[in-house]
Amino acid sequence: MVDVEAVEAGSEIENEHKLRVVRRQKADALRARGVNPYPNDFRPQNNAADVHRDCGEQDGAALGATPRRYRVAGRIVANRSFGKAAFISIQDQSGRIQVYVKKDVVGADVFDAFQLCDMGDIVGVEGAAFRTKTNELTLEAREFRLLTKALRPLPEKWHGLSDVETRYRKRYVDLIANPAVRDTFVKRTLLLREMRRFLDARGFMEVETPMMHPLAGGAAARPFVTHHNTLDMDLYMRIAPELYLKRLLVGGFERVYEINRNFRNEGISTQHNPEFTMLEFYWAYANYELLIALTEEMFGELAAKVAGKTTVPFRGNEIRLEPPFRRLSIREGIREFAKLPDSVWADAGEAKAAAKARGIEVKPGATHGAVLMEIFERASEPHLVQPTFVVDFPLDVSPLSRKKESDPTLANGTSSLPLVDRFELYVAGMEMANAFSELNDPIDQRGRFEGQMAARAAGDDEAHQLDEDFLEALEIGMPPAGGEGVGIDRLAMLLTNSDSIRDVILFPLMRPQV
RNA sequence: GGGCCUGUAGCUCAACUGGUAGAGCAGCGGACUCUUAAUCCGGUGGUUGAAGGUUCAAGUCCUUCCAGGCUCACCA
């Protein structure tokens, strides 16, 4: 019995919601009966899926003839109670199972304690499987224990939790209330596991490199800054592991990969979270053509393993992740989607004028290649729904990529822009991967860094900084190699049909609540 | 940062042109030993995101602020 009047008088616990006070009183009532509301001596032997797997094919007569007993634990997610008996549903990591609690089976004391349990409490049950009149597989409790008293209520059983903000802030409730959310994160974990298996099977070695860098390198992005007290030095949260993984190529590890967080101090959107997970891998003696083949194979295999099929629905499209993927050069894209003549490749002034005519803001100091990339991305990205390798990037936006050795457009004068052996993979209008044959000529690399430093001096705060130690490593000699980065969150979005990156990150960054 | 939209009970949602803030579920009391959105009876529950303003009267209109969503810009 709960004394609601006393709750309303409720002087001792100001500010505490009555629903919570009632539950605390139930916990106290249990303690008064010698029942610990938070014991830790119940060991489940089975889960809900075990029961369904073992007994799913058996009818009531078969179960009655050879009773099977199970010992399970889970959260009460439904409660249909009669005077001296009740059906509850409990949910564990594997799923749900119904439990029948009868006073004349568990005894008066246990049933009394059961009646002090609420939706959301975690309980342990041992009992035999049987089928109800309506043929639902159910455990008849012989033992029933409260394992954890919940002091706050779960969301409403029928509509559940749908408020987007609450779902992100209180992900633990979201996971309890929305099985599809749990399924998404199970698939994300499966994706990571299968990706590691794919790489491991091909002789790649997983490594860990620093997340705190004295220089933020390996990508064009604004970093987060932090500080080490003892060394009294500023550090940057890494924007990419690239330069460290390449040092490992120098050191003799020929196939390495890292799956970990990067941090970029940029905007937040349905495709951007300030911390996000990247796969980067480096493959000695390979080039970007080999990376294209590997990437096609990887995406096809991951789709089959994670989504169960190689054609997946996403934002109203059916995405076919079956090799070979389309290839599209930047030049073709600008021609096809921006409807601009190839002469924009020969004349930077013409390119800038075309960009301005399209309402693209050309940053002061923007290079010819950067302007063309702006035009390309604006015009082409929405069209790149099916997987497409975008190739033939300008060198001046690719400071770590190997220069393309045979480029007829330079020879015949239709372009003044050297290209690099690089691709980006677009799927559903999103950039999913970025890869290139790595630049391993230390003299060329130094020149590229110097160009970046000049851009930085001209106001581009995302330009690379010169990393002297990395150049020293290249001077020791880095084998020719291909390297690639794959955005795990976006791939998870694609394979789980999630519209927002926040739906595939367990705890996306939110402003604090007041 | 710009534009549009949202915020009402623990949860999901109502409340007309400004006129006494309501329902379902949850929770509480009672009945009930095969229910599954259990059912039946009875009651409880509110700083309408916050602060100002207009008005006889504000959930509703105005201003500012807070949080979130979509979108554009930036970015991967």
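Protein chains get the first letters and strands the later ones, always in sequence-line order, with residue 1 at the start of each. Only a predicted model underlies this, so the values are computations on that prediction, with no experimental measurement involved.
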Aromatic stack F276(A)/A76(B): centroid gap under 5.5 Å, interplanar angle under 30°: yes
Set of residues satisfying side chain to side chain contact (heavy atoms under 4.5 Å, CB included) with respect to Q452(A), sequence neighbours excluded: P399(A), A463(A), H464(A)
Any K102(A) side-chain nitrogen or oxygen under 4.0 Å from OP1 or OP2 of U33(B): no
Sugar-phosphate only, base, or nothing, as touched by G485(A) at under 4.0 Å among non-hydrogen atoms: nothing
Residue pairs passing the ring-ring contact (aromatic ring centres under 6.0 Å, His included) test where at least one lies in residues 146-166 of chain A, sequence neighbours excluded: none
P-based separation of A26(B) from U63(B) [nearest Å]: 42 Å
Stem regions touching RNA chain B, defined by at least 3 consecutive Watson-Crick or wobble G-U pairs below 3.5 angstrom: B:1-7 with B:66-72, B:10-13 with B:22-25, B:28-31 with B:39-42, B:49-53 with B:61-65
R511(A) vs G68(B): side-chain N/O to OP1/OP2 distance below 4.0 Å: yes
Distance between C1' atoms of C72(B) and G18(B) (Å, rounded): 36 Å
Output field: ring centroids H383(A)/F337(A) closer than 6.0 Å: yes
Side chain to side chain contact (heavy atoms under 4.5 Å, CB included) involving S94(A) - partner list, sequence neighbours excluded: N47(A), A48(A), A49(A), D92(A)
Separation between the C1' atoms of U12(B) and A50(B), rounded to whole Å: 24 Å
Nearest-angstrom distance from the residue atom NZ of K18(A) to C1' of G46(B): 10 Å
U35(B) base / T132(A) side chain donor-acceptor hit below 3.5 Å: yes
Sugar-phosphate, base or nothing in reach of N79(A), heavy atoms under 4.0 Å: nothing
side-chain N/O K26(A) vs C28(B) OP1/OP2, d < 4.0 Å: yes
Which residues share a side chain to side chain contact (heavy atoms under 4.5 Å, CB included) with E431(A), sequence neighbours left out: E424(A), Y426(A), N434(A), R490(A)
Spacing of E156(A) atom CD relative to A23(B) atom P, expressed in whole Å: 16 Å
Pairwise P distance, G46(B) and A23(B) [rounded to whole Å]: 13 Å
Members of residues 61-68 of chain A that approach RNA chain B, where some heavy atom sits under 4.0 Å away: none
Donor-acceptor contact below 3.5 Å, side chain Q465(A) vs main chain M453(A): no
Pair up each side-chain donor or acceptor in residues 502-510 of chain A with any protein partner under 3.5 Å, not counting sequence neighbours, and list the distances.
{"from": "R502(A)", "atom 1": "NH2", "to": "L509(A)", "atom 2": "O", "distance (Å)": "2.7"}
{"from": "D503(A)", "atom 1": "OD1", "to": "Y168(A)", "atom 2": "OH", "distance (Å)": "2.9"}

Atom-pair distance (CZ on R169(A); P on C11(B)), nearest Å: 14 Å
F87(A) ring over U35(B) six-membered base ring, under 5.5 Å and 30°: yes
Residue M119(A), side-chain heavy atoms: nucleotide from C34(B), A26(B), A37(B) that is nearest: A26(B)
Sub-4.0 Å heavy-atom contacts from residues 171-184 of chain A onto RNA chain B, ordered by number: none
I88(A) or D489(A), whichever maps to the more 5' nucleotide of RNA chain B: I88(A)
Test: R68(A) and D54(A) ion pair at under 4.0 Å: yes
Interatomic distance where CG belongs to L161(A) and P belongs to A26(B) [whole Å]: 17 Å
List, one per line, each side-chain donor-acceptor pair under 3.5 Å for residues 97-105 of chain A, sequence neighbours excluded.
{"from": "Q98(A)", "atom 1": "OE1", "to": "R80(A)", "atom 2": "NH2", "distance (Å)": "2.8"}
{"from": "Q98(A)", "atom 1": "NE2", "to": "T138(A)", "atom 2": "OG1", "distance (Å)": "3.0"}

Euclidean distance, atom CG of residue D118(A) to atom P of G10(B) [Å, nearest integer]: 17 Å
Salt bridge flag under 4.0 Å for residues E136(A) and R131(A): no
Side chain to side chain contact (heavy atoms under 4.5 Å, CB included) against E143(A), all qualifying residues, sequence neighbours excluded: F42(A), R71(A), E126(A), R145(A)
Touch class at under 4.0 angstrom, heavy-atom based, for F130(A) against every strand present: base
Short side-chain to backbone donor-acceptor contact, N178(A) and L161(A), under 3.5 Å: yes
Where protein sits on nucleotides 69-74 of chain B, one letter per nucleotide: B base, S sugar-phosphate only, - none, heavy atoms under 4.0 Å: SSS-SB
Among U12(B), A76(B), A26(B), the nucleotide that comes nearest once only the side chain of E431(A) is considered: A76(B)
C1' gap between A58(B) and U47(B), integer Å: 15 Å
Cationic N near anionic O, under 4.0 Å, K246(A) to E438(A): yes
Polar pair under 3.5 Å, donor/acceptor by atom type, side chain D163(A), base U12(B): no
Interatomic distance, Q115(A) CD vs C32(B) P [rounded to whole Å]: 11 Å
Flag, side chain of R264(A) to backbone of N273(A), donor-acceptor distance under 3.5 Å: no
Sugar-phosphate, base or nothing in reach of E136(A), heavy atoms under 4.0 Å: base
U48(B) to A9(B) separation - C1' atoms, rounded to the nearest Å: 10 Å
Below 4.0 Å: OP1/OP2 of U35(B) and any side-chain N or O of R80(A): no
First encountered from the 5' end of RNA chain B, between P155(A) and N135(A): P155(A)
All ring-ring contact (aromatic ring centres under 6.0 Å, His included) counterparts of F389(A), not counting sequence neighbours: F325(A), F423(A)
Separation between the C1' atoms of G45(B) and G53(B), rounded to whole Å: 31 Å
Gap between atoms CZ and C1', on R152(A) and G27(B) respectively (whole Å): 15 Å
Integer-rounded Å distance: C34(B) P and L139(A) CG: 18 Å
Sugar-phosphate, base or nothing in reach of K84(A), heavy atoms under 4.0 Å: base
Partner of D121(A) by salt bridge (Lys or Arg N to Asp or Glu O under 4.0 Å), out of R152(A), R75(A), K149(A): K149(A)
Separation of the P atoms in U35(B) and G24(B), to the nearest angstrom: 24 Å
Presence of salt bridge, D392(A) and R422(A), under 4.0 angstrom: no
